[in-house]
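Please read all numbers here as calculations on a predicted model, not as lab measurements. For the numbers below, each heavy atom of this structure counts, side chains included, while hydrogens, waters and symmetry mates do not. Every number for a ligand or one of its atoms is a count from 1 in the order of the listing.
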Amino acid sequence: MIESDLKILHLEDNRYDAELIQAVLEQNFTDISVTLTDNRNEFISILESGNTDLVLADYTVPGFSGPEALKLAREKIPGLPFIFVSGTIGEERAVETLLEGANDYILKDRLDRLVPAVSKVSDNVRHRRKIIELENVINLIAGSTNDVIYNLDREHKVIKWLSSMNTMLGYSENSFTSDTAWWEERIHPDDKPVLMSSYTSALESGVLSKSTEYRFRKADGTYAYIDDKMYFERDASGRAIKIFGSMADISERKKLEDIQRWESEFYRNLLEDANIWIHVLDTQGNLLIWNRRAKELSGYSKEELFDGGNGWDTLTRGGYQKLKEIFWRLLNEQSSIKDFEQRIYTKDGRELIMVWSSNFVKNHKNEIIAVMLLGKDVTAEEKARQQLLSSEKYYRSLIESSSDYIFVCDEAGVIKYASSSFQTSTGISTGDITGQSIFSIIDLKDSATVENFIKGWLTGNLETGKFEVEITSPVRGQVFLEIKLRNMLSDPDIRGIIVNARDISERKMFEKELILAKDQAEEMNRLKSSFFANMSHELRTPLIGIMGFAEILADYENDPEVASTAGRILASSRRLNHTLNMILDLRKLELSDTRSFYEETDITGILNALKEDFTPEAQEKGIEIRVNADENIIFETDRELLLKALLNIISNAVKYTESGFVELAATRNASGVMIKVKDTGIGIPAENQQNIFVPFKQVSEGFSRAYEGSGLGLTIAKKITDLLKGEIRVSSELNKGSEFVLVFPEKGSR
Ligand code: ADP
C-alpha cells in the first residue's frame, strides 16, 4: 500500500471500467478518494470546488471529450495533474494528448501502469501542498515583520514582494514593480558594484545563504542601511531555482555603531594625546596601548621596547619583578593603586621619578579585561622637594644646635615650633607646648615687659623687641630669658613670629651675687669708716693731752734722757694724730658731705709753697725738690682740697725716694690744668698700681713693711680728685720712679 490521500476526479461513462479502476486504486493507496462523473457540468463544478488533486479521464465521454476536459482543467487549476485512462486511441493520438499537457496516458487493458503513474502524481501533489503551506507561513511572517520579504523567480528577473514595502521604505502599493531593475536602480551608486559582484558570486558559488549590507533609497529620497539576507533553493545541479530574501532596515543600528566607533576613536585619541604617560595591559600582561607621552618620556617606541625583549626590565633597570608582583596583586585583589612611585630610565639614560595610578577596564559583565596605568613625571618636583628638605634640614640643625631657644608662633601667640634645645635645657617638653600659647609659659611680670612684648610682636624689630622675661622650669626653677621678637607674618614662607630666647639665668645669677657682694662690701666699709671715725674722736682727746705733756717734758732740761724719751713720745703722738686726721678726712669725703668751694687758685704758688714745706725733709734725705711750672697758673678750684690731695702725693714721693729728685710740674691749657708729681724713687710694681688707691692698701704689707704709712693718702687724693671732677693716673717703673698725674677740667666742662 502506498500512502496517499489524493482526491481524484474521475471522468468515465462506463460504470464497469469505473469500478475496476477504483478497485485498483483502493488496493494500492491508503486514503485515496475518487469522485466519479460522466458529464461536463458536474466535472466543472467539482473542479471549481477546489478539492481536486488529480484528474483521471476517459478519452471519449458522450457529449464531452477528453481533450476538452484537459483544456478546462488547465484553465481552472493551472498545473493540476491530468492522466488519460482510456481504450486504444492510436499511437498518434496518444502522443498528441501528452503534447497538449497531459501527464500520462494509460490503456484500460494495461492498468498495471496506473499505480506508478498515480504514485508519481501523489509525490508531486504532496510537494505542492508543502510549498503552499510554506508560502502561507512566509505570508504570515511577511505580514508580521517590518522587514521586506521577497522572492525571485527562476530567471532572477521578477521579484515578488511578499511584505509591504510601505512600512519600511515608504513605497506605496502601486509605486514599486516586480522588475529587479526597479530594485537595482535604488541601490546607492557607491555600494552597487560591490553588492552586484557579491550577489553574482554567491549565485555561482553554490552557497545556501548570503548576507550583504548596502544603502537603499527610500521613497522620500533618503538612504536606509539595509541588511539583505538571501536564501538560495538549488536543484540537483546546484542551480538556484528560487531565492528568498529579507531586507532589514539597520539604519538605527548603523547610527549606533557609528557613534560607538566615534566614541572609541575619541577615547583612543584622548589616551593617545593625553599629557600623561598611559599604557594599557591585558590580563596576560600584554601591552595594548602605549601612548604618545609614554613614547616621549621614555624615548622608546612600543616596538623598540617590547618586540622580542623585556621592555619593563630595560625601563626599570631590573625592577620588573617588583612591578610584576604589583600587577598580579592588583588583578587578584581588584584594587587599584594610587600614587605609587617607581623610577624609570629613559633611552638616553636619564632617571625619571614617576608616580603611578591604575584603573581597571571592565567589560559589560563587569569582568576585568585590562589594566590602565597612568604615570606622572614628578622628577622636577621631587628634586625641588629634596632640595627644600635638605636646606630645611640644614637650617633646622643650625637652629637645633644654637644655644638660644627658637620659637615660631602664629599671630595669636600659639607655638608652632619650639627648638629641641629648649626641652633639653629646661625640661619643658616641646611636644607639650606646641599648639599652646607662648603666654602660658612666659611670665609677663610688669606692664613694661608686656609693652615691650607687644611692641616687638607688632613691629618685629629685633632691637625694640629685646627684653627680659622669666619662666619656670620643672628641673631648674626660675629661668631668665632675654627675648627678641621678629614679626615675619607677612613672609609667605614663615607666616609667623620668631621668638629668639637667650638663657641669661647664669649671668643674672652672677649679677645678683655681685650686687650682693658690693652691698656687703659697702656696708662693711661704712661700718669700718664709722668705727674709725668714732675711734678717732675718742683717741684724739687723750692724744692731745699726751702730746701737750710730752711737749712740756721734751723741753725738760734737768734730765736730758727724760727729754729725749718725751721727744719720741711726742713724735709717735704726732704720727698717730696725723693718721687720725687722715681717717677723719677720709670719713668726711666718704660721707660725701664735703662741699667744694671753688675759687681762683694760684697753682704755681701752691706748688712753690709745697716745695718749701718739704724742703727740710728732702734735704735730710739728700734729694732735690723742684718746681717746673709757668708763672701764675690760675685755675678755679677748691684750694684746700687740692692742697690736701697734693700734700699726700708729694709726701709719698719724698717718702719713697732715696736719691735723685722730686719734681712738681703744672701746665694749663684751654681744657683745664694738669699737675704732675714725678720722683726717682722705688717705683710701684705694675700689679699694684691700681690697688694703691684702695683704702689701707700698701705695696709692702705685713711684717716686711719698709715704710711707715696708713695706706690712706692716695685714697684721699683719689676721693678729692673725684670730687673735683678730675682724674688721677699713675705711671711707674720699679726702682726707676713714679709719676702721678692729676688732670682737672675747665669749669664749663665739669
Ligand atoms: P702710705 O700711707 O702707706 O703711703 P698711701 O695711700 O699714700 O699710703 O700709698 C699707698 C702705697 O702706695 C704706699 O704704701 C706705697 O707702697 C705706694 N706708693 C705711694 N706713692 C708712692 C711713690 N711715690 N713711690 C713708691 N711707692 C708709692
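Contacts with ligand 1 closer than 4.0 Å are made by backbone heavy atoms (N, CA, C, O) of Leu712 only, the side chain lying farther away. At a 4.0 Å heavy-atom cut-off, ligand 1 does not touch Asn688 at all.
At a threshold of 4.0 Å, the pair Lys508-Glu468 counts as salt-bridged, since one of the basic side-chain nitrogens sits closer than that to a carboxylate oxygen. Residues Asp585 and Lys644 are paired through a salt bridge, judged by an N-O separation under 4.0 Å between the basic side chain and the carboxylate. Ion pairing between Lys484 and Glu482 fails under the 4.0 Å rule for side-chain N and carboxylate O. Ion pair Asp410/Lys416 flagged as a salt bridge, since at least one NZ, NE, NH1 or NH2 atom sits closer than 4.0 Å to an Asp/Glu carboxylate oxygen. We find that Lys611 and Glu663 are not joined by a salt bridge, their nearest charged nitrogen and carboxylate oxygen being 4.0 Å or further apart.
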Applying side-chain contact (heavy atoms from CB on, under 4.5 Å) to Phe744 and Thr721, what does each step give before you reach the verdict? CA-CA 8 Å; Phe744 296 100; Thr721 42; 3.5 Å; yes

Residues Lys621, Glu658; criterion salt bridge (Lys or Arg N to Asp or Glu O under 4.0 Å); working and verdict: CA-CA 7 Å; Lys621 296 185 80 172; Glu658 299 309 327; 3.8 Å; yes

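For ligand 1, the atoms sitting less than 4.0 Å from at least one non-hydrogen atom of Ile692 are 12 (O), numbered in the order shown with element in parentheses. Per-residue contacts place Lys655 under 4.0 angstrom from the following atoms of ligand 1 (heavy atoms of the residue considered): 1 (P), 2 (O), 4 (O). Of all atoms in ligand 1, numbered sequentially from 1 with element shown, those under 4.0 Å from a heavy atom of Ile684 are 25 (C), 26 (N), 27 (C). Heavy-atom proximity to Ala653, at under 4.0 Å, picks out these atoms of ligand 1: 23 (N). Less than 4.0 angstrom separates some heavy atom of Ile682 from each of these atoms of ligand 1: 25 (C).
Residues passing the salt bridge (charged side-chain N to carboxylate O under 4.0 Å, His left out) test with Glu624, sequence neighbours excluded: Arg626.
Looking at ligand 1, you'll find an N or O of Gly713 within less than 3.5 Å of one of its N or O atoms. The shortest N or O to N or O distance between Leu714 and ligand 1 is below 3.5 Å. For ligand 1, the polar-atom distance check against Thr715 finds no nitrogen or oxygen pair separated by under 3.5 Å.
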Donor-acceptor contacts under 3.5 Å from residues 735-743 side chains, at least two apart:
residue, atom, partner, partner atom, Å
Ser738, OG, Ser732, OG, 2.8

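Ligand 1 lies out of reach of Met582, whose nearest heavy atom is not under 4.0 Å from it. Taking 4.0 Å as the cut-off, Asn648 does not count as a neighbour of ligand 1 on heavy-atom distance. Note on ligand 1: Ser738 sits in its first shell, one or more heavy atoms being nearer than 4.0 Å.
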